[in-house]
Peer 1: 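The structure follows.
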Amino acid sequence: MMKSKPLPADPMIRQLIRQAQNAQMGRRTLLAGAGAGATALALAACSSGAAVKPTAAADTSATDKIIRWDNWALYVDVDDAGNYPTLDAFKAQTGISVKYTEAVDDNNSYYGKVKDQLALGQDIGADAVCLTDWMVSRMIRFGYTQELDHANIPNLANLLPSLQDVDFDPGRAMSVPWQGGFAGLAWNKEKYPQGLTSVEDLWAPELKGRVGVLSEMRDTMGLIMLDQGVDISGTWGEEEFTAAIDEFKKQVSDGQIRNIKGNSYKEDLANEDTLAAIVWSGDIVQLNAENGDKWGFVVPEKGGTLWNDNFVVPIGSPGKKNVEELINYYYDPAVAAEVAAYVNYITPVVGAKEAMLAIDPTLAEDPLIFPDEATLANAYVFRGLDGTEEQTFNAQFQAILLGAA
Amino acid sequence: MAFAAFSSQAAPSTDPVARRRSPVALFLLLPGILYLVLFFLTPLVSLLLTSFQAPREFGDIGQFDYAFRWQNYVEVVTTYWPHIARSFGYALAATFFALLISYPLAYFIGVKARRWPLLQSLMLVLVIAPFFISFLLRTLAWKQLFSDESFVVQSLKALSLLGPEAHVTGTAFSVIFGLTYNFIPFMTLPLYTTLERLDLRYLEAGNDLYASPFHVFRKVTIPLSMPGIVAGTLLTFIPAAGDYINASRDFLGGTGTQMMGNVIEANFLVLQNFPAAAALSIILMTVILVIVSIYVKRSGTEDLL
């Protein structure tokens, strides 16, 4: 406690100061009381991460003909006027209107926004969300998703056979793929004409400090592990992961790898900070369209990763049946082709390639949108991790990203 | 608490009128108090409680229970001490450079340009003008200007000021540069408001007493502009220490330049390690509070607070 300052001589000012000081005392006692109240409130609320799984909301699809769909940017067809042609056609066909929002910027930050409501079983303001495999896996584990009624989705028969059974969602009871893509290697064809064929090529001395990798653990680590001969879909464990982490750490601390980024890696390729990088296939199609075929893309010879973003119905949504109708609509090959022609990612719908021939034959031949058998055979899905693995592997990966090696 | 350092505690008053509490004053304070309780105190208490949480036994990612696990603090300090040190180091450097740039600027606008009011207001507008564009966009623009193939970096390399393999983005330089750049207006404006009121007759008096211009500046101008300096440095240092945009890998930083804000973000969003993120936030707040209260006491400007 510091010594009190002498008060000014003016009696009026003295009076004012005293009054202010007394009011301050009052505020302090009041705050103390309020603090106790807040403590009780906070304690009464549940701890982080509920122990009990929430229950699904009652379905009001029959009366509320609306779907609130949260999705990633540039992930559905848009025309020049800003309308969504396939969604408009869906409304004309079924009478269900769709409020489409580009609300997902990143799996983690989206999850961070909605997780507390999900844990309480509340409506998060979305009836359908498209999130990546591993995040869907976590949400299913926690019971944050609703079980889909396949009887309402007859077109689900068009789902690619390789995606019908995934380890995080056997039989696709809770999730249905929306679009997918590869993580592979890209290089600047002008500045690095020799190109790349394997992850090992990224460690070439000429590329020192000009290599970028993705901040998505499963893609960067997946590619390095595949390069080290690990089948990432199979039964690998801590040992294999640590071996790949060591390699990754070495390349970062040697300054070979310069950038580790999410979506913004595209800017680095464009301004040539990075000349070679681990990238997502669909982005390179778009970048090449904007900048004139400047980058090459390859799935590494020892294998690339394949991921999907999947529809899930959050536990608190009252519109599950409407969403099932929406999924059924997008699993019509003709509609799937219309979307694929715009977004340039891999569609999970069988027959879309044939439908695409009618829209744009050159796109139908693009191996990044409609990969051939050989490419698909060389693409692996990172196996599902349990809670403990997710924590320890993420911690090891983030430690390198934060430079606390 | 450090709060106490800011308020001079009155000795028990003997004046009976002053001791009586005015209900009107309390009533008028009510909205402010409610606001503080709801949006400051409740989150703060919740943050404090979270920082002591323990992982749930056999729990999944992001599952914690209330406990008194003080080891959280030991763990984050031993793991992240480089980031803590870096945060305050960068913030201090940025504050220093911002002051170095802003003081002459504010002096020119507030003192030298007094004769030309139009110029004065024009320059003030120029200082504020960057606020019309989101600072995210401005920071991204700097990232482009500092990119490897940019004119700036290529010229520096041609002049051999930079090695052939050197780069600017992702270095301590670019992060401190970004922090300095982004906080210059926050430094300039408080400095301007005090310098604008600077009574030039004091400087004349100093000259008349045979003080050199440097002496006058050091003994008269600086002490008179101290409130502006303190306000400006606080407005720069506090947000700079917690900043996570400039140092972010997506902006001007790299893996070697991550600050506390980035660590908190990674722990909160990616690792779902809420206790660690909360403990780091509490540490950040406490250290800032201690530094600021010492600074304010030392500079003799308690009246500002």
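Remember, it's a predicted structure, so these values are computed and weren't measured experimentally. Numbers restart at 1 for each chain; the letters A, B, ... are given by sequence-line order, proteins then strands.
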Peer 1: Could you tell me which non-hydrogen atom of B/His83 sits nearest to which non-hydrogen atom of A/Leu402, and how far apart they are?
Peer 2: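 What the structure gives for the nearest pair is NE2-O, 2.7 Å.
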Peer 1: Side chains of B/Gln272 and A/Lys115, heavy atoms from C-beta outward: is any pair under 4.5 Å?
Peer 2: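 Of all side-chain heavy-atom pairs linking A/Lys115 with B/Gln272, at least one is under 4.5 Å.
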Peer 1: Got more than 12 heavy atoms from elsewhere within 6.0 Å of CD, A/Glu206?
Peer 2: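 Atom CD in A/Glu206 is packed in, count exceeds 12.
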Peer 1: Is any side-chain heavy atom of B/Ile61 closer than 4.5 Å to a side-chain heavy atom of A/Phe142?
Peer 2: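 The answer is yes, as the side chains (C-beta and beyond) meet within the 4.5 Å cut-off.
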Peer 1: Above 12 or not: heavy atoms from other molecules or residues under 6.0 Å from OH of B/Tyr244?
Peer 2: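 Not buried by this count: 12 neighbours or fewer within 6.0 Å.
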Peer 1: By a 4.5 Å heavy-atom criterion (distance strictly below it), what part of A/Ser109 contacts chain B: side chain, backbone, both, or neither?
Peer 2: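 Both parts, backbone and side chain.
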Peer 1: What I'd like to find out is whether the side chain of B/Thr255 reaches to under 4.5 Å of the side chain of A/Ile257, using heavy atoms alone.
Peer 2: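 With C-beta onward as the side chain, the pair stays apart.
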Peer 1: Give the member of A/Glu390, A/Lys208, A/Arg210 that has the highest number of heavy-atom pairs under 4.5 Å with chain B.
Peer 2: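 If we count pairs closer than 4.5 Å to chain B, A/Arg210 comes out on top.
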Peer 1: Below 4.5 Å from any heavy atom of chain B, which atoms of A/Tyr265 appear? Answer side chain, backbone, both or neither.
Peer 2: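 The answer is neither part of A/Tyr265.
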Peer 1: When only pairs under 4.5 Å are counted, which of B/Leu38, B/Thr169, B/Asn262 shares the most heavy-atom pairs with chain A?
Peer 2: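 Max contact count across the listed options: B/Thr169.
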Peer 1: Taking all non-hydrogen atoms of both residues into account, name the closest pair between A/Ser264 and B/Lys143 and its distance.
Peer 2: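 Distance-wise, the nearest heavy atoms are O-NZ, 4.4 Å.
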Peer 1: Using non-hydrogen atoms and a 4.5 Å limit, figure out which bit of A/Lys113 sits close to chain B: side chain, backbone, both or neither.
Peer 2: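 No part of A/Lys113 comes within 4.5 Å of chain B.
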Peer 1: Roughly how far, to the nearest 0.5 Å, is the CD atom of A/Gln391 from the CD atom of B/Gln63?
Peer 2: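 Answer for the CD-CD pair, B/Gln63 versus A/Gln391, is 8.5 Å.
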Peer 1: What's the spacing between A/Asn394 CG and B/Asn273 CG if we round to 0.5 Å?
Peer 2: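 The CG atom of A/Asn394 sits 11.0 Å away from the CG atom of B/Asn273.
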Peer 1: How long is the straight-line distance from NZ of A/Lys191 back to CG of B/Asp148, given to the nearest 0.5 Å?
Peer 2: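 If we round to the nearest 0.5 Å, B/Asp148:CG and A/Lys191:NZ are 9.5 Å apart.
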Peer 1: Any non-hydrogen side-chain atom of B/Gln144 less than 4.5 Å from a side-chain atom of A/Glu267?
Peer 2: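 The answer is yes; the side chains approach within 4.5 Å.
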Peer 1: If you look at every heavy atom in B/Arg249 and A/Ser215, which pair is closest and at what distance?
Peer 2: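 In terms of heavy atoms, the two residues are closest at NH2-CB, 4.4 Å.
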Peer 1: Should we count OH of A/Tyr111 as having more than 12 external heavy atoms under 6.0 Å?
Peer 2: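 Correct, the count exceeds 12.
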Peer 1: Report, by ascending residue number, the residues of residues 272-280 of chain A in heavy-atom contact with chain B at a distance under 4.5 Å; give 'none' if the set is empty.
Peer 2: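 Hits under 4.5 Å: A/Glu272, A/Asp273.
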Peer 1: Counting only N and O atoms by type, is there a donor-acceptor contact under 3.5 Å from the side chain of B/His167 to the main-chain atoms of A/Arg258?
Peer 2: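 The answer is no, because no donor-acceptor pair under 3.5 Å joins these two groups.
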Peer 1: Please say whether more than 12 non-hydrogen atoms of neighbouring residues, nucleotides or ligands are located less than 6.0 Å from CG in A/Asn291.
Peer 2: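 Count over threshold, so yes.
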Peer 1: Under 4.5 Å from any heavy atom of chain B, what part of A/Phe397 do you find: side chain, backbone, both or neither?
Peer 2: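 It is neither, since no heavy atom gets under 4.5 Å.
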Peer 1: In terms of heavy-atom proximity below 4.5 Å to chain A, should B/Leu44 be classed as side chain, backbone, both, or neither?
Peer 2: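 B/Leu44 has no heavy atom closer than 4.5 Å to chain A.
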Peer 1: What is the minimum heavy-atom distance between A/Gly112 and B/Leu269, and which atoms define it?
Peer 2: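 The answer is CA-CD2, 4.3 Å.
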Peer 1: Chain B heavy atoms under 4.5 Å from A/Asn259: which part of the residue, side chain, backbone, both or neither?
Peer 2: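 Neither part; nothing is under 4.5 Å.
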Peer 1: I need the A/Asp268 CG to B/Asp250 CG distance, nearest 0.5 Å.
Peer 2: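 If we round to the nearest 0.5 Å, A/Asp268:CG and B/Asp250:CG are 8.5 Å apart.
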